[in-house]
S.K.: 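Below is a structure I'd like to ask you about.
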Amino acid sequence: MSIVSSIQKKVTAALSALYNQPFVEKDFQINLTKPEFEGDYTVVLFSLVKLLKQSPDAIGNQLGQELIRLNAGFFTGYNIIKGFLNLSIEESYWMNLLQNNHADIGYGKKEMNGKKVMVEYSSPNTNKPLHLGHLRNNFLGWSVSEILKANGYKVIKSAIVNDRGIHICKSMIAWQLFANGATPESTNTKGDHFVGDYYVRFNDEYKLQVEQLIQTGADKETAEKTAPIMKATQQMLLDWEEGKPEVIELWKTMNQWVYSGFDVTYKRIGSNFDVVYYESNTYLLGKNIVQQGLDKKIFYQKEDGSIWIDLTADGLDEKIVQRKDGTSVYITQDIGLALQKYEEYKIDQSIYVIGNEQNYHMKVLQLICKKLGMPNADNIFHLSYGMVELTSGKMKSREGTVVDADDLVDEMVATAKQHTEELGKVKDFTEDELNELYDILGLGAMKFYLLRVDPKKTMVFNPQESIDFHGFTGPFVQYTYARIQSILRKVAGESPLVNGESFITNDSPAEALLKLEKEVLVLLEQYPAAIEHACIEHNPSVIANYVFNVAKTFNSFYTEHSIANAETAAKKQLRLQLATMTANVIKSGMQLLGIRVPERM
RNA sequence: GGACCGGUAGCUCAGUUGGAUAGAGCAUCAGCCUUCUAAGCUGAGGGUCAUUGGUUCGAAUCCAAUCCGGUUCACCA
């Protein structure tokens with residue numbers, strides 16, 4: 001139990017005893033005491049004033065005395081300033097916290113709770129390579145999965161691959177027209193980039209044809225519909241749906257190119273999936289659901305045969321669920337897949353990591369699932385995240401203003417290399433060790449950068465300034481870890497110091513905690529709460545901010561006080577444990593973000 | 001036009017259930033390497049929390065209106 005909730009309990013008990021009436025935690029508030037005042041935690045008294053009709057000072061004094069009377073070994077004193085009751089905590093509490101948890105690698109993580117969650121993320125299109133926006137999605141999906149695991153959930157990571165449809169046919173047509181049989185191998189190009197180039201090529205050609213048609217007198221709309229390359233693409237989609245062998249063959253080949261490219265990127269950034277759904281397999285799902293919905297009169301049919309649902313009573317629009325030609329639409333597939341997920345895995349919760357441009361769509365999806373009476377429809381959660389914009393504006397693939405994922409990774413790793421070489425601290429590393437370090441640092445910087453911001457907010461990336469390695473960054477946190485490891489390595493060589501040994505012994509009683517030591521401890525105590533908070537909010541930035549705070553606070557302590565050359569043996573032992581626990585929390589927290597930490601850097 | 005999201009320091013972002021004098025990083029300026037890694041530390045300057053009104057002991061936080069920005073409202077996916 002966290003110290004805040006344990007104080008809450010004690011205060012509730014004391015109040016009930018004093019005033020002979022029941023109190024709940026919401027009747028008052030517990031905060032960390034501001035550093036300028038004496039004390040550790042503060043009870044805000046104002047809300048009690050109303051309930052008890054007494055002055056804040058009177059309540060504060062009664063409560064303070066009662067708390068100390070009931071918890072003699074826990075609270076050591078109190079003071080009241082302007083309606084705030086500041087409580088001081090017995091030092092042994094912090095000593096015990098450190099003593100009991102410093103070596104616990106699983107500190108802050110919960111026992112398995114028997115619940116299953118599916119996290120769907122990444123969900124790429126197979127017509128172009130991944131860009132910065134996809135990276136945000138991937139890092140978020142991964143991190144949220146790790147956070148759920150740390151909170152005791154069993155997590156199934158899934159992806160739905162958008163491998164069919166008109167956009168896929170566009171790159172296929174362009175390849176047929178312009179490639180002359182070129183392949184990723186023959187051009188020495190990464191497969192996803194190779195296909196993406198033809199997608200761009202399609203758009204260039206299409207634009208050209210539309211302009212030509214407009215010049216010969218066609219209006220814009222007709223031109224866009226009748227451009228030969230577009231007509232060919234539409235024909236190809238029909239051929240694909242009919243299963244025409246040469247189209248299927250080309251489709252398979254080109255998708256395979258993309259997958260092999262994606263594999264490289266996913267491996268590099270550390271994404272993987274337990275289940276991969278392909279839209280070419282799922283796009284017919286949901287058709288029988290439409291029939292059921294029609295029978296139950298949740299859906300209705302228009303004269304032309306198309307099937308709809310009326311959501312106007314819920315403040316939304318009317319939504320089509322099946323076309324007049326009997327084919328299913330996007331939302332129908334999603335309903336089908338949602339149901340399939342439940343049936344296959346019996347999941348308690350289904351999380352979709354999808355950009356906020358789909359907020360409306362996901363709202364509709366959930367509502368329809370509810371109306372259809374699907375099990376667990378209430379436990380569908382859209383983890384909606386904001387776009388990554390550039391300082392110059394939005395990323396647009398057609399205007400060539402996308403930040404390519406592979407390029408960015410390369411750049412980050414190269415920057416890591418450059419910094420490392422300039423500093424010259426790891427000259428004895430082997431080639432392999434160096435490359436691993438560059439990866440850890442480069443990717444760490446990138447992931448931290450994308451995860452430290454609240455997911456739901458649109459964020460801005462400046463390609464000129466790129467991503468920093470100083471300050472509120474991944475490498476800053478990694479550096480703190482590496483420095484601690486350096487000390488621990490050094491001390492491990494000394495005998496007879498045993499790492500797990502208590503710093504409180506009979507012949508050397510515990511010395512008072514210094515201000516900076518205590519600050520670190522107070523923060524470390526909050527780690528379990530941070531993990532829980534991050535889970536409830538589905539928000540990795542909680543962890544990123546927390547872990548930065550820990551690193552920063554530890555660094556202040558580190559420059560001020562020596563660990564290996566502490567004043568006394570007991571102090572040394574305490575600080576070694578403090579450093580160990582800090583390192584463990586950093587490593588654990590970074591792992592929740594999908595970021596590795598180096599032993600040296 | 002309807003719905004949803006956002007607006008906090010020059011820039012990028014925190015800010016818990018409404019709590020004490022609104023915080024970090026970058027950038028700028030001034031310091032700190034003979035002692036555990038300076039990718040670090042210490043300090044300074046920098047704010048009409050978009051605006052106005054309301055709720056109350058107390059508002060960046062809640063409510064209303066307004067302004068600005070974004071997303072969305074397809075027989076596309």
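To find a chain, count down the sequence lines: A is the first, B the second, and so on, and within it residues start at 1. When reading the values below, keep in mind they use all heavy atoms of this one structure, side chains included, and skip hydrogens, waters and symmetry mates. Just so you know, these numbers come straight off a predicted model, no measurement behind them.
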S.K.: Tell me yes or no: between the side chains of A:S541 and A:D454, is some donor less than 3.5 Å from an acceptor?
M.R.: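 No pair is found: no donor N or O on one side chain lies under 3.5 Å from an acceptor on the other.
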S.K.: Can you sort out the partners of A:K225 under salt bridge (Lys or Arg N to Asp or Glu O under 4.0 Å), two or more places apart, ordered by chain and number?
M.R.: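 Partners of A:K225 by the salt bridge (Lys or Arg N to Asp or Glu O under 4.0 Å) criterion, ordered by chain and then number, come out as A:E221.
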S.K.: Mind calculating the distance between CD1 (A:I487) and C1' (B:rG40) to the nearest angstrom?
M.R.: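 A:I487 atom CD1 is separated from B:rG40 atom C1' by 12 Å.
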S.K.: Expressed in whole Å, how much space separates the P atoms belonging to B:rG46 and B:rA64?
M.R.: 36 Å
S.K.: Taking O4'-C1'-N9-C4 for purines and O4'-C1'-N1-C2 for pyrimidines, is B:rC62 syn (within 90° of 0) or anti?
M.R.: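 B:rC62: anti glycosidic orientation.
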S.K.: Assess the pair A:H382 and A:Y352: is the distance between their ring centroids shorter than 6.0 Å?
M.R.: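 No: the rings miss the under 6.0 Å criterion.
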S.K.: Do A:S556 and B:rC41 share a donor-acceptor pair, side chain to base, under 3.5 Å?
M.R.: no
S.K.: Whole angstroms only, please: what is the CZ-C1' distance between A:F557 and B:rC41?
M.R.: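 My rounded result for the distance is 14 Å.
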S.K.: Going by 5.5 Å between centroids and 30° between planes, is there a stack of A:F46 over B:rG58?
M.R.: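 It does not: the two rings, one from A:F46 and one from B:rG58, miss the stacking criterion.
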S.K.: Please list, for nucleotides 27-33 of chain B, all pairs of protein and nucleotide N/O atoms separated by less than 3.5 Å.
M.R.:
none

S.K.: Output the single nucleotide from B:rA20, B:rG19, B:rC41 whose closest atom is nearest the side chain of A:E36.
M.R.: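 When the side chain of A:E36 is considered, B:rA20 is the closest of B:rA20, B:rG19, B:rC41.
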S.K.: Expressed as a whole number of Å, how far does the C1' atom of B:rA20 sit from that of B:rC29?
M.R.: 31 Å
S.K.: Would you say the ring centers of A:F476 and A:Y479 fall short of 6.0 Å from each other?
M.R.: no
S.K.: Tell me which nucleotide among B:rA38, B:rC41, B:rU72 gets nearest to the side chain of A:N555.
M.R.: B:rC41
S.K.: Reading RNA chain B from 5' onward, which residue's closest nucleotide shows up sooner: A:S328 or A:K82?
M.R.: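 The residue whose closest nucleotide sits nearer the 5' end is A:K82.
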S.K.: Measure from the side-chain heavy atoms of A:A564 and tell me the nearest of B:rU56, B:rC36, B:rC4.
M.R.: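 Selected nucleotide: B:rC36.
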S.K.: Flag the pair A:H533 / A:Y546 as yes when their ring centroid distance falls below 6.0 Å, and as no otherwise.
M.R.: no
S.K.: Atom CG of A:L367 and atom CG of A:D314: how far apart are they, to the nearest 0.5 Å?
M.R.: 4.5 Å
S.K.: Does B:rG40 have OP1 or OP2 under 4.0 Å away from a side-chain N or O of A:H470?
M.R.: yes
S.K.: Mind running a 4.0 Å heavy-atom check of residues 316-325 of chain A against RNA chain B and sending the residues that fall below it, in number order?
M.R.: A:D317, A:I320, A:R323, A:K324
S.K.: By side chain to side chain donor-acceptor pair (under 3.5 Å), which residues pair with A:R164, not counting sequence neighbours?
M.R.: A:E241, A:E279
S.K.: Are A:K490 and B:rU37 close enough that a side-chain N or O sits under 4.0 Å from OP1 or OP2?
M.R.: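 For B:rU37, OP1 or OP2 has a side-chain N or O of A:K490 closer than 4.0 Å.
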S.K.: Rounded to whole angstrom, note down the C1' distance from B:rG43 over to B:rC5.
M.R.: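 One C1' to the other, the span is 39 Å.
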S.K.: Return the value, rounded to whole Å, for the distance between atom CE of A:M601 and atom C1' of B:rC36.
M.R.: 16 Å
S.K.: Using a cutoff of under 3.5 Å, can you pull out all pairs of nitrogen or oxygen atoms linking the protein to nucleotides 9-17 of chain B, with atom names and distances?
M.R.:
| residue | atom | partner | partner atom | Å |
| --- | --- | --- | --- | --- |
| B:rC13 | OP1 | A:V460 | N | 2.6 |
| B:rA14 | OP1 | A:D454 | N | 2.6 |
| B:rA14 | OP2 | A:K457 | NZ | 3.1 |
| B:rU17 | O2' | A:Q29 | NE2 | 3.3 |

S.K.: If we take the P atom in both B:rA27 and B:rC67, what is their distance in whole Å?
M.R.: 39 Å
S.K.: Report yes if the distance between the aromatic ring centroids of A:H538 and A:F381 is under 6.0 Å, otherwise no.
M.R.: yes
S.K.: For nucleotides B:rG19 and B:rA59, find the distance between their P atoms and express it as a whole number of Å.
M.R.: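 The same atom, P, in both gives a distance of 11 Å.
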S.K.: Taking atom P in both B:rU55 and B:rU61, what distance in whole Å separates the two?
M.R.: 15 Å
S.K.: Of A:I331 and A:L45, whose closest RNA chain B nucleotide lies nearer the 5' terminus?
M.R.: A:L45
S.K.: Checking A:S88 against A:E38 for the side-chain hydrogen bond (donor to acceptor under 3.5 Å, both in side chains) test, could you report, in this order, the C-alpha distance in whole Å, the side-chain angles of both residues, the deciding distance, and whether it holds?
M.R.: CA-CA 8 Å; A:S88 299; A:E38 178 159 355; 4.7 Å; no
S.K.: Tell me whether the rings of A:Y206 and A:F202 are parallel (<30°), tilted (30 to 60°) or perpendicular (>60°).
M.R.: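 Ring orientation, 0 to 90° scale: parallel.
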S.K.: Indicate the ring-plane relationship of A:F548 and A:F472, choosing parallel, tilted or perpendicular according to the 30° and 60° boundaries.
M.R.: tilted
S.K.: Output yes when at least one side-chain N/O atom of A:T480 is less than 4.0 Å from OP1 or OP2 of B:rG40, else no.
M.R.: no
S.K.: Across the strands shown, which category fits A:A482 at heavy-atom distances under 4.0 angstrom: base, sugar-phosphate, nothing?
M.R.: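 Since a base atom lies under 4.0 Å of A:A482, the category is base.
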S.K.: Identify whether any heavy atom of A:N86 sits under 4.0 Å from a base atom; if not, whether one sits that close to sugar-phosphate; answer base, sugar-phosphate or nothing.
M.R.: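 Base: the residue A:N86, judged by heavy atoms under 4.0 Å, touches a nucleobase.
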S.K.: Select base, sugar-phosphate, or nothing to describe what A:Y283 touches, counting heavy atoms under 4.0 Å on all strands.
M.R.: nothing
S.K.: Atom NE2 of A:H561 and atom P of B:rC41: how far apart are they, to the nearest Å?
M.R.: 15 Å
S.K.: Describe the nucleic acid contact of A:S486 in one word from base, sugar-phosphate, nothing, applying a heavy-atom distance below 4.0 Å.
M.R.: base
S.K.: So does A:S562 get a side-chain nitrogen or oxygen closer than 4.0 Å to the phosphate oxygens (OP1/OP2) of B:rC36?
M.R.: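 Answer is no, no contact under 4.0 Å.
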S.K.: Base, sugar-phosphate, or nothing for A:T420, non-hydrogen atoms under 4.0 angstrom?
M.R.: base
S.K.: What does the 5'-to-3' dot-bracket notation of RNA chain B look like when only Watson-Crick and G-U wobble pairs under 3.5 Å count, and pairs to other strands show as |?
M.R.: (((((((..((((.....[...)))).(((((.......))))).....(((((..]....))))))))))))....
S.K.: Does the side-chain hydrogen bond (donor to acceptor under 3.5 Å, both in side chains) test come out yes or no for A:N86 and A:Y41, once each step is laid out?
M.R.: CA-CA 6 Å; A:N86 301 324; A:Y41 291 87; over 6 Å; no
S.K.: Return the minimal non-hydrogen interatomic distance between A:T420 and A:A416, and the atom names on each side.
M.R.: OG1-O, 2.6 Å
S.K.: To the nearest Å, how far apart are A:M387 CE and B:rC4 P?
M.R.: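 Taking atom P of B:rC4 as the reference, CE of A:M387 is at 19 Å.
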S.K.: With centres under 5.5 Å and planes under 30° as the test, does A:Y360 stack with B:rA3?
M.R.: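 By the stated criterion, A:Y360 and B:rA3 do not stack.
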S.K.: Quiz question: by atom type and distance under 3.5 Å, do the side chains of A:S5 and A:S2 form a donor-acceptor pair?
M.R.: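 There is such a pair (donor and acceptor under 3.5 Å, judged by atom type) between the side chains of A:S5 and A:S2.
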S.K.: Side-chain N or O of A:K552 versus OP1/OP2 of B:rG25: is the shortest distance under 4.0 Å?
M.R.: yes
S.K.: Can you tell me how far P of B:rC73 sits from CG of A:N359, to the nearest Å?
M.R.: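 That distance rounds to 11 Å.
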S.K.: Specify the separation, in whole Å, of atom CZ of A:R164 and atom P of B:rA77.
M.R.: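 That distance rounds to 7 Å.
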S.K.: For A:Y300 and A:E318, test the side chains for any donor-to-acceptor distance below 3.5 angstrom and give the result as yes or no.
M.R.: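 A:E318 and A:Y300 do have a side-chain donor-acceptor pair below 3.5 Å.
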S.K.: Measuring only the C1' atom in each nucleotide, how far is B:rG45 from B:rA3? A whole number of Å is fine.
M.R.: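 Per the computed distance, 44 Å lies between those C1' atoms.
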S.K.: Between A:N255 and A:Y278, is there a side-chain donor-acceptor contact under 3.5 Å, judged purely by atom types and distance?
M.R.: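 Side chains of A:Y278 and A:N255: no pair found under 3.5 Å.
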S.K.: Starting from P on B:rA3, measure out to CG on A:L367 and report it in whole angstrom.
M.R.: 17 Å
S.K.: Between A:E599 and A:Y481, is any side-chain donor less than 3.5 angstrom from a side-chain acceptor?
M.R.: yes
